[in-house]
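Basis for what follows: all heavy atoms, side chains included, without hydrogens, waters or symmetry-related copies. Chain letters run A, B, ... following the sequence lines, proteins first, then strands; residues in each count from 1.
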There are 2 protein chains.
Amino acid sequence: MGNTTIKILAKELNLSVASVSKALRDSHEISHETKQKVLALARKMNYVPNPYASSLRRRVSKTIAVVLPEVADSFFSLAINGIESIAEERGYHVLIYLTHESFAREKAILNEFKSGRVDGILISVSGETCDSSHIKEVAAEGIPVVFFDRICEDIETARVVTDDFESGYVAAAHLIEKGCKKIAFLSTSTSLSISNNRMQGYKKALKDHKMKMSGHDIVLCGNDPDENYRIIKNLLKKKQRPDGIIASVEKLTAAVYLACKDLTLTIPKNVKLISFTNLPTALILNPPLTTITQPAFEMGKTAAAVLFTALGKSNNELKEETVVIPSTLTVRSSTGC
Amino acid sequence: MGNTTIKILAKELNLSVASVSKALRDSHEISHETKQKVLALARKMNYVPNPYASSLRRRVSKTIAVVLPEVADSFFSLAINGIESIAEERGYHVLIYLTHESFAREKAILNEFKSGRVDGILISVSGETCDSSHIKEVAAEGIPVVFFDRICEDIETARVVTDDFESGYVAAAHLIEKGCKKIAFLSTSTSLSISNNRMQGYKKALKDHKMKMSGHDIVLCGNDPDENYRIIKNLLKKKQRPDGIIASVEKLTAAVYLACKDLTLTIPKNVKLISFTNLPTALILNPPLTTITQPAFEMGKTAAAVLFTALGKSNNELKEETVVIPSTLTVRSSTGC
DNA sequence: GTTCCTGGCGAAAACGGTTTCGTAAATAAA
DNA sequence: TTTATTTACGAAACCGTTTTCGCCAGGAAC
């Protein structure tokens, strides 16, 4: 609207737009007094530079994109907080996109980024994503892409993850230690790196402890809570029901509690449960839940920091590193005796 | 980088950039065949228009800002989902900003928007916000601002809220009905409209039921969980301890459960509890929690929809309306007998 | 007195689209 | 045949900022 522009400032001060622009950017070509005058007027008129004009000319947008499957999960909420805190520090803006676990949507979103809308991308891939060519394409345009949490194995770039394999191992080992003889592993995806790593850790733990494992112990759930409830209930109704459960995804937790309640199975007496979750309410569940919590906030912060070091360089080059921030096991009564 | 621009398309097709631009925008000035040719090449070369060039000239950014106090709360997570779903439908991009409940930060963020970075704003004000001049300023620039959930009373614009007063009333009335004689109201802010409305509803219910109320029954908590825990524990240690508690903010819930546990007070026998929360785990708490749940997703969607109807108009004028989407009471054992 | 810097500034060309206006050719109306 | 209108396109201005050059004055070096 009636926005003050550089042109207006220039006219007011009898200067050229070039000089005003330089003064505002603190160029050495401009004398100290002139800078003072410009700054003073800019402040007085509440001049806010048009970011798009600047972006167009300088070919940087001071904006990053965060691409997530969903934000209903407490992990991603915390991650956003971490990302935003770093971005704000650096004067960057944060665009957020949700894929709703759809590969097609993820592709479309990424494709848009070829236009220069963002300087860098933080992404946690959708559950459907197996091919990473869409990511390679934008990376090829010189836009740094940092993966966090849910990564793509087949592309060499920066990643910030947690120790999913070890956590899966720890979770299973903990249940074994607590006396479980038959441990079920609940998952919602077979393609996702994190799910697989957790599962591999689980398998390794069973193997190391000489426990036999049937394929039936790995249970694939979906996105629908009711459906998941049925699946888990069926699992617990079996003659050969598990005496230990690993919920490798936060949203499967409630279904386990409910199914146990309905079947009058007691946690931890009949079934011991450990969940991968960041829910702040784990402590007040009935019984309090043993958890593997991911360092969500830290992961967000770190991923953003990694991205910004790349953006700090002239070539935007990303160090091809994998930062691992460990998850932590918190033992509570759901696995106690 | 090696981005294809209109200029490149034009050269390739022996057309002027003007014609290519018009063809891409489906102008009637361009013949059908030419349009086809342009579209075909654009697709083939994966042309993605530079959004900032377009924004600069057209003075619209196809971007909205969402300003939130925090996203660690399940309410705001769901709201973001709602907002994003509508924005995506309309082809808008979503910038997210967190104030961390700081008024200064909120002011700084809003001030930035005078530059034309966004076409519209969705905001849920910080707990510190009492003055709304910073919001009026950007509204005066012709940028529509829609409040959701946490509104500013002293500015006439569009608002999407839930029925906080009624919910406060319902919560208190429910506890009264369940036999509570002394009901404490836990809050984290006295300035926030939603907190006040909930509290007024609570007061009205007490009055209507001829219950006396001491000022001590309204307990102000803070942002620090440990601090809140101490406050609530002290409340429950009193000789005159409440037999009913309304937690008007989600994050106060856990503290109540923990304090009760530590003091070996049983919910609901000794203390009945009702919480304002969207936590999906309410059902599996010990005991299951009676809740007032806000329609977070719906509120986000509606707020976005209201904003977009304004953006659809040529003058961006916002209908000065207050949309109320009711919260729902879900009775569970934490208030049962 | 030249020549050479150097400090401080302005003119103008970008950046990549959009939009206004002009115009040539084709068609319609007179 | 002449005039009006429509169709399809191009030239150029424009959005607001940045950046490259070029220029001039004044001081230093010779």
Side-chain angles (χ1 to χ4, degrees), chain A residues 1-39 42 45-63 112-119 141-142 314, chain B residues 1-39 41-42 45-63 112-117 119 141-142 314:
Chain A
M1 291 287 115
N3 258 331
T4 75
T5 66
I6 278 196
K7 209 176 288 181
I8 294 175
L9 293 180
K11 186 169 287 175
E12 198 80 14
L13 292 163
N14 276 322
L15 282 170
S16 71
V17 290
S19 298
V20 174
S21 173
K22 287 175 197 165
L24 290 169
R25 316 200 102 251
D26 201 27
S27 158
H28 60 89
E29 292 182 31
I30 303 297
S31 74
H32 187 65
E33 307 113 73
T34 307
K35 278 182 192 170
Q36 293 298 322
K37 275 191 273 182
V38 172
L39 264 321
M45 301 188 68
N46 194 15
Y47 167 70
V48 185
N50 183 309
Y52 299 143
S54 174
S55 292
L56 182 56
R57 179 62 232 243
R58 310 190 73 206
R59 314 178 131 282
V60 284
S61 62
K62 282 277 179 184
T63 304
E112 262 256 20
F113 296 154
K114 291 178 190 161
S115 61
R117 186 182 292 274
V118 296
D119 298 341
E141 300 274 339
S314 58
Chain B
M1 289 292 115
N3 259 329
T4 75
T5 67
I6 278 198
K7 210 176 289 181
I8 295 174
L9 293 181
K11 185 169 287 175
E12 198 81 13
L13 291 163
N14 276 324
L15 282 170
S16 70
V17 290
S19 299
V20 175
S21 174
K22 289 175 195 163
L24 290 170
R25 316 198 101 250
D26 201 25
S27 158
H28 60 89
E29 293 183 30
I30 303 297
S31 74
H32 186 67
E33 308 114 70
T34 306
K35 280 183 192 169
Q36 294 299 322
K37 273 190 273 181
V38 172
L39 265 322
L41 185 65
M45 300 187 69
N46 194 14
Y47 168 71
V48 185
N50 182 311
Y52 299 141
S54 172
S55 293
L56 183 56
R57 178 64 229 243
R58 310 191 74 207
R59 315 182 132 280
V60 283
S61 62
K62 282 282 182 178
T63 304
E112 261 256 20
F113 296 155
K114 291 177 190 162
S115 62
R117 187 183 290 275
D119 297 342
E141 301 272 339
S314 58

Heavy-atom count around A:K35 NZ within 6.0 Å, excluding the residue itself: above 12?
yes

Would you kindly give the [atom1]-to-[atom2] distance between [X] and [N], to the nearest whole Å?
{"X": "B:R58", "N": "D:dG16", "atom1": "CZ", "atom2": "P", "value": "15 Å"}
{"X": "B:Y52", "N": "D:dC15", "atom1": "OH", "atom2": "C1'", "value": "16 Å"}
{"X": "A:K62", "N": "D:dT17", "atom1": "NZ", "atom2": "P", "value": "17 Å"}
{"X": "B:I30", "N": "D:dC9", "atom1": "CD1", "atom2": "C1'", "value": "6 Å"}
{"X": "B:L56", "N": "D:dA13", "atom1": "CG", "atom2": "P", "value": "17 Å"}
{"X": "A:L15", "N": "D:dT17", "atom1": "CG", "atom2": "P", "value": "15 Å"}
{"X": "A:R25", "N": "D:dT20", "atom1": "CZ", "atom2": "C1'", "value": "15 Å"}
{"X": "B:E29", "N": "C:dT23", "atom1": "CD", "atom2": "P", "value": "15 Å"}

At their closest point, which heavy atom of B:A53 faces which heavy atom of A:L56, and how far apart are they?
CB-CD1, 3.7 Å

With a 4.5 Å limit on heavy-atom distance, are the side chains of [X] and [Y] in contact?
{"X": "B:S115", "Y": "A:N3", "value": "no"}
{"X": "A:E12", "Y": "A:T4", "value": "no"}
{"X": "B:D119", "Y": "B:T63", "value": "no"}

Determine whether any donor atom in the side chain of A:K22 lies under 3.5 Å from an acceptor atom in the base of C:dG10, or the reverse, and answer yes or no.
yes

From [options], nucleotide with atom closest to [X] side chain:
{"X": "B:A18", "options": "D:dA11, D:dG16, C:dC9", "value": "D:dA11"}
{"X": "B:A53", "options": "C:dC9, D:dC9, C:dG17", "value": "C:dG17"}
{"X": "B:S16", "options": "C:dT20, D:dA11, D:dT17", "value": "D:dA11"}
{"X": "B:K7", "options": "D:dG16, C:dT19, C:dC15", "value": "C:dC15"}

Check whether any side-chain nitrogen or oxygen of [X] sits under 4.0 Å from OP1 or OP2 of [N], and answer yes or no.
{"X": "B:S19", "N": "D:dG10", "result": "yes"}
{"X": "A:S21", "N": "D:dG16", "result": "no"}
{"X": "A:T5", "N": "D:dG16", "result": "no"}
{"X": "A:T34", "N": "C:dG8", "result": "no"}
{"X": "B:S54", "N": "C:dG17", "result": "no"}
{"X": "B:Y47", "N": "C:dG17", "result": "yes"}
{"X": "B:R57", "N": "C:dT19", "result": "no"}

Regarding A:L24, tell me which of base, sugar-phosphate or nothing describes its non-hydrogen contacts under 4.0 Å with the strands shown.
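The answer is nothing, as A:L24 stays clear of every strand by at least 4.0 Å.
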
Could you tell me whether the side chain of B:S55 and the main chain of B:P51 form a donor-acceptor pair under 3.5 Å?
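Yes, B:S55 side chain to B:P51 backbone: donor-acceptor pair under 3.5 Å.
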
